[in-house]
Amino acid sequence: MKFNKLYILLFAAAGTLCSCTGDWLDTTNEGAPSEKNFWKTDASYISATNSLYYIFGLEETYGRDLFWEQGASDDIFYSRSRGNGEMSLANFTYDGNTESRLSTIYDEFYTTMAAANNIVYHALQIPEAERSAIVRRSLGEAYFMRAFSHLMIAYRYGRADNGVPFVRYEDFGDYAKQVNEIPTQQATVMDDYKLIIEDLQHAADNLDWFKNYGQDDYGRPTKDAALAYMVKTYAYWARHDASQWAHIPALVDRIESEGERGLLGNYADVFTVANNWSKEYIWSVNSSGSNYAGSLFPAIVLENKGWGIYNGWGNFKPTLELYAEYNDQDARRSATILKYGDAFTFFGEQRSYFSQSDNECGFQFNKYMEPFKYGSKGVSEYVSNNGDRPTTALNLPLCRFAEMLLFKAEALIMQGKNADAAAPLNRIAQRAHEGVSYTAPTMTDLMHERRCELAGEWTDRRFDLIRWAFSGNEAWNRDARARLVTAKHGLKHTDRANPASPLDTAGGSTMTINGKTYQGVIGLTNMSQPRTIDENHTVFPYRVNTVIQSNGKLRQNAGYASN
């Protein structure tokens, strides 16, 4: 496995710092100048750090491919027929041979990790007192992106008995020689989490709060983001070591009190272009409809072919199980999901929702539809005019303050401080207007609020269920495991082309979900059979060829073939 070929590819990809917010994120890889000539000026460090964000604009990561993994959760199903690779992700049958989506994601995050590693190494060659403000910021950004990429690999591949490969270039005694060596595989994923926390602390030490950034630098990592990903890392680490929960509440309080992050008053307002940089923002994929930069995801979940008006891709839709999780008062349900007959605006036209395309479901995600409200006949300044690169001006949230409150509540519950958890959880519930008030919330309450608040976002519902399902024997553990393996459902209508069409009681069945009875229920195509999951399938396998080519330097996860 030639890690060095992969790892140093992007170390000096050129990016241009422009006057328009986020344009610096639309980077182009123009090749790497020589090490000897490159690390001389602030401009060099800006160019190198700009290259770190190339990963966020890829279809192979936050555009689409990471979300194939969510087929294994209970919130979404593949609304277009898929091949064996995607279905193996949905059904916990992956083997390391057939999942090309996994291997691409793995390679991209390691490429980014290496680019960040190279920046850290060179920035630390400059004595601290001599580092310019730009070099210091670049160092913080590199620490953050190294930690972020490391985390994305660690929790998806790392086990308590088998960590993931990672090396810090600043620890090298002979950089020119050691940079070509295969990175050391950590003994346990806990070792990886420890290194991630150290990098995030270094990032926080070198970065400023978002509130102090100028508009031209919006979208760069901040102290807020570094602390927030420390929260997430501790929560994932706590699956193996419950003492890590204790770190979380104080970090969340700092993000709010010092960073001045908070909740918007209205849930639906979070997912609007005008609020890309609101007080709820912590970290997102900075996107644009005018230059095709950023995430394709809003169009990926849009109706396939967009009712003949715009090229939606229609890959992922919500399940009936997700819809049933909300009570009828919860404002998050209509903000998150469109059902038959729901009114919405599409390129200036008032419409009622229906879906004729692909596998029948009866629902669509509504959370990312705001950019498609404007303009006419498929043309808008907020939406790309390139249907093969259908980005929008809506940033794709990766981490927002609401999730911090949920992690704080979870940490308190897991420490037996249920009464203390009521305050952060009630802030979430009260904004949702769901008519509940917690006094001593349980993990079941936390699981419900997290699901309703973050549905259809990049917070990894699949892994939430895994970490809850394999960390004890309480009722909520059994519930999480059941949600992973049971069938998924949708609603069938008598006339798919009619938004007022009644439910098809003859073609569907009657089913009670979450205490509510639904008619016209159908099992979702290719995903209606019960699945099984064991401890081995809580993590992904390393690609078999990669294990072979490592010549013993990479140990395969238990339960998977290595040859």
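As the structure is a prediction and not an experimental result, all values here were calculated from the model.
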*asked:* Does this structure show an ion pair linking E260 with K211, if we count only N-O contacts that are shorter than 4.0 Å?
replied: yes

*Flag side-chain contact, heavy atom, 4.5 Å: T222 against W209*: no

*Determine, step by step, whether R168 and E198 satisfy the salt bridge (charged side-chain N to carboxylate O under 4.0 Å, His left out) criterion, reporting the C-alpha distance in whole Å, the side-chain angles of both residues, the deciding distance to 0.1 Å, and the verdict.*
CA-CA 11 Å; R168 298 190 296 200; E198 289 177 5; 2.8 Å; yes

*If you round to the nearest 0.5 Å, how far is OH of Y53 from CG of N286?*
11.0 Å

_Test item: E410 and M447 side chains (from C-beta on) under 4.5 Å apart, heavy atoms_ = no

*Under a 4.0 Å N-O cut-off, is there an ion pair linking D74 with R451?*
yes

_For the student: nearest non-hydrogen atoms of S295 and G63, plus distance_ = OG-CA, 4.0 Å

*Just how far is it from atom CH2 of W68 to atom CG of L102, taken to the nearest 0.5 Å?*
13.0 Å

*Minimum heavy-atom separation for I182 to S550, with atom names?*
CD1-O, 3.9 Å

*Validation row: P165, Y110 side chains within 4.5 angstrom (heavy atoms)*: yes

*asked:* List the residues meeting ring-ring contact (aromatic ring centres under 6.0 Å, His included) with F401, not counting sequence neighbours, and say none if there are none.
replied: none

*asked:* I'd like to check the ring-ring contact (aromatic ring centres under 6.0 Å, His included) partners of W458; sequence neighbours left out, ordered by chain and number.
replied: Y62, F67, F297

_The criterion is side chain to side chain donor-acceptor pair (under 3.5 Å); which residues satisfy it with Q556, sequence neighbours excluded?_
none

*Do E535 and R159 sit within salt-bridge range, that is, some charged N less than 4.0 Å from a carboxylate O?*
no

*Give a yes or no on whether a salt bridge exists between E128 and R136, defined as a side-chain N under 4.0 angstrom from a carboxylate O.*
no

*Does any N or O in the side chain of T391 come within less than 3.5 Å of the main-chain N or O of S288, such that one atom is a donor and the other an acceptor?*
yes

*Any chance you could lay out the side-chain contact (heavy atoms from CB on, under 4.5 Å) test for I119 and L52, step after step, and finish with the verdict?*
CA-CA 10 Å; I119 295 167; L52 299 175; 4.0 Å; yes

*So do the side chains of N276 and L394 get within less than 4.5 Å of each other, counting heavy atoms only?*
yes

*Donor-acceptor pair, side chain of D192 and main chain of V164, under 3.5 angstrom*: yes

*Is a side-chain donor or acceptor of T112 paired with a backbone partner of E108 at a separation under 3.5 angstrom?*
yes

*If you draw the axis of the six-membered ring of Y281, does the NZ or CZ of R261 fall within 45° of it and under 6.0 Å from the ring centre?*
no

*asked:* Among residues at least two apart in sequence or on other chains, which ones pass side chain to side chain donor-acceptor pair (under 3.5 Å) with T392?
replied: none

*Could you give me the CA-CA distance, side-chain angles and deciding distance for W277 and Y213, then say whether ring pair (Phe, Tyr, Trp, His ring centres under 6.0 Å) is met?*
CA-CA 11 Å; W277 312 108; Y213 275 49; over 10 Å; no

*Mind listing the closest non-hydrogen atom pair of W283 and G219 along with its distance?*
CZ3-O, 3.3 Å

_Y157-Y542 aromatic ring centre distance below 6.0 Å_ = yes

_Tell me whether the rings of F109 and F148 are parallel (<30°), tilted (30 to 60°) or perpendicular (>60°)._
tilted

_Less than 3.5 Å apart, any donor N or O on the side chain of Y155 or D460 sitting next to an acceptor on the other?_
yes

*If every non-hydrogen atom of W245 is compared with every non-hydrogen atom of P249, which pair is closest and at what distance?*
O-CD, 3.5 Å

*Would you say the side-chain atoms of Q70 pair up with the backbone N or O of R461, donor to acceptor, closer than 3.5 Å?*
yes

*Quick one: sort the H247 and Y234 rings into parallel, tilted or perpendicular, breaks at 30° and 60°.*
parallel

*Rounded to the nearest 0.5 Å, how far apart are CZ of R400 and CG of L264?*
9.0 Å

*Going by heavy atoms in the side chains, are L398 and Y229 under 4.5 Å from each other?*
yes

*CG-CE distance between D253 and M404, expressed to the nearest 0.5 angstrom*: 12.0 Å

*Taking atom types as modelled and ignoring hydrogens, do the side chains of S44 and T41 form a donor-acceptor contact shorter than 3.5 angstrom?*
yes

*Determine whether the aromatic ring centres of Y121 and F172 lie less than 6.0 Å apart.*
no

*Hey, is E256 close enough to K408 for a salt bridge, meaning N to O under 4.0 Å?*
no

*Would a distance-only check, ignoring hydrogens and angles, find a side-chain to backbone donor-acceptor pair under 3.5 Å from S384 to R389?*
yes

*Write down the atom of I196, the atom of A154, and the distance for their closest heavy-atom approach.*
CD1-CB, 4.0 Å

*Working to the nearest 0.5 Å, report the span between CZ of R146 and CG of N117.*
4.5 Å

*State plainly whether the residues K223 and E258 are in salt-bridge range, i.e. N to O under 4.0 Å.*
no

*Indicate whether the side chain of N91 and that of T93 have a donor and an acceptor atom separated by less than 3.5 Å.*
no

*Examine distances only and state if a side-chain atom of T61 and a backbone atom of I55 form a donor-acceptor pair shorter than 3.5 Å.*
yes

*asked:* Could you tell me if E141 and N206 have a donor-acceptor pair between their side chains, going purely by distance under 3.5 Å?
replied: no

_Side-chain donor/acceptor of R450 to backbone N/O of L446, under 3.5 Å_ = no

*Side chain proximity check, V252 to V231, heavy atoms < 4.5 angstrom*: yes

*Could you check if a side-chain atom of E60 sits within less than 4.5 angstrom of a side-chain atom of I105, using non-hydrogen atoms only?*
no

*Start with the C-alpha distance between V120 and D199, add both sets of side-chain angles, then the distance that settles side-chain contact (heavy atoms from CB on, under 4.5 Å), and finish with yes or no.*
CA-CA 10 Å; V120 171; D199 271 356; over 6 Å; no

*Drop me the distance from F92's CZ to M87's CE, to the nearest 0.5 angstrom.*
12.0 Å

*Take atom CG in D161; do more than 12 heavy atoms of anything else shown fall under 6.0 Å from it?*
yes

*Heavy-atom donor-acceptor pair, N477 side chain to E474 backbone, under 3.5 Å*: yes

*asked:* Taking Y175's backbone N and O only, do any of them form a donor-acceptor pair with Q178's side chain (distance below 3.5 Å, no angle check)?
replied: no

*Excluding sequence neighbours, so at least two apart, what forms ring-ring contact (aromatic ring centres under 6.0 Å, His included) with Y94?*
H537, F540

*Do the side chains of F463 and E69 get nearer than 4.5 Å, heavy atoms only?*
no

_salt bridge (Lys or Arg N to Asp or Glu O under 4.0 Å) pairs, two or more places apart, involving residues 538-560_ = D107-R543

*Taking atom types as modelled and ignoring hydrogens, do the side chains of T188 and D191 form a donor-acceptor contact shorter than 3.5 angstrom?*
yes

*asked:* Treating Y78 as the side-chain partner and E86 as the backbone partner, does any N or O pair qualify as donor plus acceptor under 3.5 Å?
replied: yes

_Stepwise salt bridge (charged side-chain N to carboxylate O under 4.0 Å, His left out) check, E457 with K367_ = CA-CA 9 Å; E457 296 183 45; K367 190 168 273 188; 2.9 Å; yes

*Of the non-hydrogen atoms in A480 and A469, which two are nearest, and what is the gap between them?*
CB-N, 3.8 Å

